[in-house]
Amino acid sequence: MSLGTLFPSLSLALYVSLCVAESVDEVRAAVRRARQAGKIVGFVPTMGALHVGHVSLMQRARAECDLVVTSIFVNPTQFGPSEDFTRYPRPRETDLQICGESGVDVVFYPTVETMYPAGHRTYVEVGGLSEILEGAIRPGHFRGVATVVTKLFNIVQADRAYFGQKDYQQQTLIRVMTRELDLPTEVITCETIRDPDGLALSSRNAYLSPAERQSGLSLSRALRTADALVAGGERDVKRLEAAMRRELESTPGVKIDYAVIVHHESLAELTAAEPTMVALVAATVGSTRLIDNWILRLPRKS
Ligand code: PAF
């Protein structure tokens with residue numbers, strides 16, 4: 001689904017009331033006013049380059065909260081030295097327009113200096129979960145995510161924060177961190193939004209050429225294969241993983257990072273099937289890393 005379909009006439013008029021806060025004090029003041037009026041505050045943290053997946057999070061926050069705050073911040077500490085921090089898209093005006101059209105009240109749009117003043121040296125690490133899967137391939141990535149999300153939660157002090165299931169390990173880690181640091185924000189995970197052909201929406205999909213995009217469809221195909229096998233009675237985790245790998249390996253231009261089935265909360269490897277599991281896949285297509293996941297549920301015995 002394209003943004004054009006969702007907003008056929010993107011108009012400036014609808015977002016004149018959008019408040020763009022660049023400093024911590026400004027966003028805090030807006031949230032304080034709302035709280036004093038007894039309002040529920042919802043928060044959607046993003047790195048911008050907004051797509052329909054982000055819009056769905058904003059709309060859910062809009063439906064459930066009185067004040068909706070979004071942050072747009074391309075967080076340097078979650079990118080490795082050879083990753084795409086400098087080329088990550090930053091379409092400021094379009095992003096603000098999308099926020100306004102999606103019912104956001106306040107956009108927190110800080111600079112790197114605001115979030116990380118010179119001499120910044122405090123980081124948050126979630127032991128174990130930060131080092132496996134995405135963390136093993138992108139060392140330091142989750143330390144950057146955990147640090148910036150903790151800072152954003154402390155700045156915004158929302159009642160609820162909305163994340164996509166698409167970044168499954170990220171939302172797991174944020175849930176654990178929020179619980180273990182007693183952060184008073186409720187973490188809400190919303191389902192992955194996909195294009196009609198199955199590709200999970202991601203800001204990085206914009207890097208894909210048409211041929212790479214076709215290859216990228218192998219990720220959701222691999223996940224659906226595992227789901228169909230489970231529905232058909234397959235209970236051997238290794239055979240399920242092998243089926244996903246076969247799907248990815250048979251697609252030209254796809255370099256697999258992992259294709260695994262893990263525990264849905266601990267993300268620990270499984271030797272035997274559990275009632276609820278999650279299949280996680282990650283691969284590089286051309287120069288773009290794609291990730292996707294699928295919850296696998298064993299049918300209940302009647
Ligand atoms: O998922 C993202 O967009 C980012 O990792 C997040 C949570 C906004 C932190 O920078």
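Every number for a ligand or one of its atoms is a count from 1 in the order of the listing. The figures here come from the full heavy-atom set of this structure, side chains too, leaving out hydrogens, waters and symmetry mates.
- Atoms of ligand 1 lying under 4.0 Å from any heavy atom of T46, numbered from 1 in the order shown and given with element: 8 (C).
- Listed by number with element, the atoms of ligand 1 under 4.0 Å from a non-hydrogen atom of V148 are 9 (C), 10 (O).
- No hydrogens or angles considered: a donor-acceptor pair under 3.5 Å links the side chains of Q171 and T189.
- Looking only at protein heavy atoms, the nearest one to atom 2 (C) of ligand 1 is Q170 NE2, 3.8 Å.
- L248 shares a hydrophobic cluster with L199, L208, L217, L219, L223, L229, V230, V237, L240, M244, V254, I256, I261, L270, M277, V281, V285, L290, W294, L296, L298; the chain of contacts runs through ILVMFWY side chains whose heavy atoms sit under 4.5 Å apart.
- Remark: R90 is positioned above the aromatic ring of F85, its terminal NZ or CZ atom under 6.0 angstrom from the ring centre and at most 45 degrees off the axis.
- For Q59 (side chain) and S56 (main-chain N/O), no donor-acceptor pair under 3.5 Å exists by modelled atom type.
- Closest protein heavy atom to atom 9 (C) of ligand 1: Q78 OE1, 3.3 Å.
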